Structure formats: C-alpha cells, structure tokens
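What follows is one structure encoded as structure tokens, with my remarks underneath.
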Number of protein chains: 2
Amino acid sequence: MAKSRFGEPVGDQIEVCPVTQTQDIIAGKWKIIILWNLSTQTRRFNELQRLLPNISKGILTRQLRELEEDQMVHREVYKEVPPKVEYSLTPLGQSFIPILQSMGEWSKKNLVSK
Amino acid sequence: MAKSRFGEPVGDQIEVCPVTQTQDIIAGKWKIIILWNLSTQTRRFNELQRLLPNISKGILTRQLRELEEDQMVHREVYKEVPPKVEYSLTPLGQSFIPILQSMGEWSKKNLVSK
DNA sequence: CGGAATCCGTAACGATACTG
DNA sequence: CAGTATCGTTACGGATTCCG
C-alpha cells in the first residue's frame with residue numbers, strides 16, 4: 001500500500017507531515033526566488049529570466065509549470081504577436097508571502113554572510 | 001570571480017538573496033522534519049531514525065552533519081559504552097521554530113489533501 | 001549504538017538548438 | 001517573445017557493508 005512521504009501507513013490513511021508538504025512545494029532550486037519576485041508585481045517571462053540571471057529558459061519554464069500545478073502561480077497568455085505571457089501569484093501564492101518574508105528576515109537577522 | 005547563488009557579481013560583493021539563503025539551509029529532503037522533531041525535545045540518533053521510518057543511517061547522519069555545519073543542530077556525544085549521542089536545536093535552530101510552525105499552519109489551512 | 005565508507009540509480013538541473 | 005525538444009551532467013538520496 002501507499003506510504004507517506006514521512007510516517008507509517010495508517011490504515012487507508014496517508015499521514016503526511018504538513019511542514020513537509022510545504023517544503024515539497026518550494027523545494028525546487030528557483031521556486032522561492034520566483035515567488036519572491038512575483039510577490040510585488042506581475043512579471044513577464046523574459047523579465048523573470050533577467051531577474052534570475054543564471055537560469056535557462058527551459059528550467060525557468062519547468063519551475064513555473066510546477067508552481068502552476070501547485071496553484072501558487074497564475075499564467076496569463078495574451079494572444080498577440082509577438083506573444084506576451086504574464087505570471088502572477090494566485091491567492092494561494094499570496095497567502096504564502098508572509099512566510100517568505102519571515103524567511104528573509106530570519107536570514108538577515110541570524111545568518112552571518114559566509 | 002565568485003558568483004552568487006542568485007544575482008550578478010557586484011564588485012567584490014556577493015549579493016545573495018536572504019530568502020534563498022534560508023532555503024539553502026532547509027533544502028535537504030529530511031532537514032525540516034528533523035528540525036521539527038527536535039523542536040520539542042532532545043533526541044538520540046536511533047530515536048530520530050525511528051521517527052523517520054524510511055531513512056537510512058547514512059543519510060540521516062549526513063543530514064544531521066549538514067544541519068550542524070549550518071549551526072542549526074547541536075551534537076552531544078557521551079563517552080559511554082554503548083555510545084550515546086544526543087541531538088538538540090541550537091539557539092539558531094530554536095529561532096527557526098516559528099517559521100516551521102507557520103509552514104505547518106499554512107499547509108493545514110491552504111493545502112488540500114492530495 | 002552510532003556511525004564511516006563505498007557504490008549506485010535517479011531526478012533534478014542545465015546547455016543548446018529550434019520554433020510558432 | 002515565449003516557449004519546446006533533446007541531450008548531457010551533476011547532486012542527492014538510498015542501500016549496503018564494515019567498524020570501535
């Protein structure tokens with residue numbers, strides 16, 4: 001039978017640690033920094049790529065698709081030539097902003113520059 | 001010259017996004033769940049392994065070592081036979097607990113069980 | 001009991017070229 | 001402009017064996 005990401009199988013139930021569920025969503029290498037850049041405004045594909053200088057189109061696309069699947073990011077396609085696509089946070093994505101902020105503040109307060 | 005995990009090199013400065021720094025610390029597959037299990041009490045090695053049923057000794061050791069390097073976890077060795085090692089959160093690790101809690105609450109409130 | 005050392009497989013990341 | 005498709009690489013997790 002199915003096993004959870006963490007924990008024993010419990011009958012037909014799958015016991016998943018909530019904290020781990022959250023981690024799963026933001027685990028991609030670029031996920032949180034994408035969310036961070038969308039937290040203040042809607043951005044176009046190329047704009048995001050400029051903000052994340054070392055990311056390739058392919059991987060940026062993949063990370064965005066995964067965030068879409070997890071309902072964190074909304075993708076709006078404008079049927080124009082040349083094409084225009086805008087990414088923004090969904091309500092779920094927006095509800096995550098405070099956690100991003102906590103993470104940033106915690107880092108600045110506690111982490112020494114390495 | 002050195003490049004940051006995110007961003008352009010800026011003179012001799014390395015500009016690192018604080019949010020990304022935090023992510024780097026908790027990025028390991030078992031990191032946050034280990035922190036979570038240490039948040040309430042000190043635990044021994046085998047105890048942790050029992051709590052994380054599908055983890056092997058090798059990987060548990062590695063994750064703990066990395067958390068030690070990042071000053072999140074303290075390792076206390078008792079010179080006895082048989083050996084006894086206790087893991088606990090450092091002050092830095094403890095200061096991270098509120099974020100873990102936010103993540104858990106956010107998950108429970110917003111994430112539908114999949 | 002709490003590791004260390006080794007090896008392996010896969011998934012994630014990444015570079016490049018091409019396209020509507 | 002915003003992708004897709006393909007392929008290469010690397011890092012991470014995991015299994016196993018051995019040890020004080």
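What you see below is based on every heavy atom in this structure, not just the backbone, and it leaves out hydrogens, waters and symmetry mates. The structure displayed is predicted, hence computed values, not measured ones. First the proteins, then the strands, lettered A, B, ... as listed; each starts at 1.
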Side chains of [X] and [Y] in contact at under 4.5 Å (non-hydrogen atoms):
{"X": "N37(A)", "Y": "L52(A)", "result": "yes"}
{"X": "I25(A)", "Y": "F96(A)", "result": "no"}
{"X": "V73(B)", "Y": "T90(B)", "result": "no"}
{"X": "Q49(A)", "Y": "N46(A)", "result": "yes"}
{"X": "I33(A)", "Y": "L51(A)", "result": "no"}

Return a single string for nucleotides 7-12 of chain C, one symbol per nucleotide in 5' to 3' order, where B is base contact, S is sugar-phosphate-only contact and - is none, cutoff 4.0 angstrom on heavy atoms.
------
For the residue pair Q23(A) and I32(B), what are the closest heavy atoms and their distance?
CB-CD1, 3.1 Å
Which heavy atom of K29(A) sits nearest to which heavy atom of Q63(A), and what is that distance?
N-OE1, 3.8 Å
Between E68(B) and R65(B), is there a side-chain N and carboxylate O pair less than 4.0 Å apart?
yes
What is the ring orientation for F45(A) with Y87(A), classed by angle as parallel under 30°, tilted 30 to 60°, or perpendicular over 60°?
tilted
Which comes earlier along DNA chain C counting from the 5' end, the contact point of E86(B) or that of P83(A), where each point is its nearest nucleotide?
E86(B)
Earlier contact from the 5' end, DNA chain D, for N46(A) and E66(B)
N46(A)
Do Y78(B) and L38(B) land in one hydrophobic cluster if side-chain heavy atoms of ILVMFWY residues count as linked below 4.5 Å?
no
Using atom [atom1] of [X] as one end and atom [atom2] of [N] as the other, report the distance to the nearest whole Å.
{"X": "I34(A)", "N": "dC13(C)", "atom1": "CD1", "atom2": "C1'", "value": "13 Å"}
{"X": "F45(A)", "N": "dG20(C)", "atom1": "CZ", "atom2": "P", "value": "18 Å"}
{"X": "L48(B)", "N": "dC1(C)", "atom1": "CG", "atom2": "C1'", "value": "13 Å"}
{"X": "R43(B)", "N": "dG2(C)", "atom1": "CZ", "atom2": "C1'", "value": "17 Å"}
{"X": "L60(A)", "N": "dT16(C)", "atom1": "CG", "atom2": "P", "value": "17 Å"}

State which of dC1(C), dG3(C), dG14(C) makes the closest approach to the side chain of T61(B).
dG3(C)
Are T42(A) and E86(A) close enough that a side-chain donor and a side-chain acceptor fall under 3.5 Å?
no
Reckon Y87(A) touches a base, only the sugar-phosphate, or nothing at all at heavy-atom distances under 4.0 Å?
sugar-phosphate
Over all strands shown, is K84(A) touching base, sugar-phosphate only, or nothing at heavy-atom distances under 4.0 angstrom?
sugar-phosphate
Contacted region of DNA chain D by chain B, from 5' end to 3' end of the hits, cut-off under 4.0 Å to heavy atoms, spans dG13(D) to dG20(D)
Measure the angle between the two terminal helix axes of the helix from dC1(C)-dG20(D) to dG20(C)-dC1(D), five base pairs each, and quote it to 10°.
50°
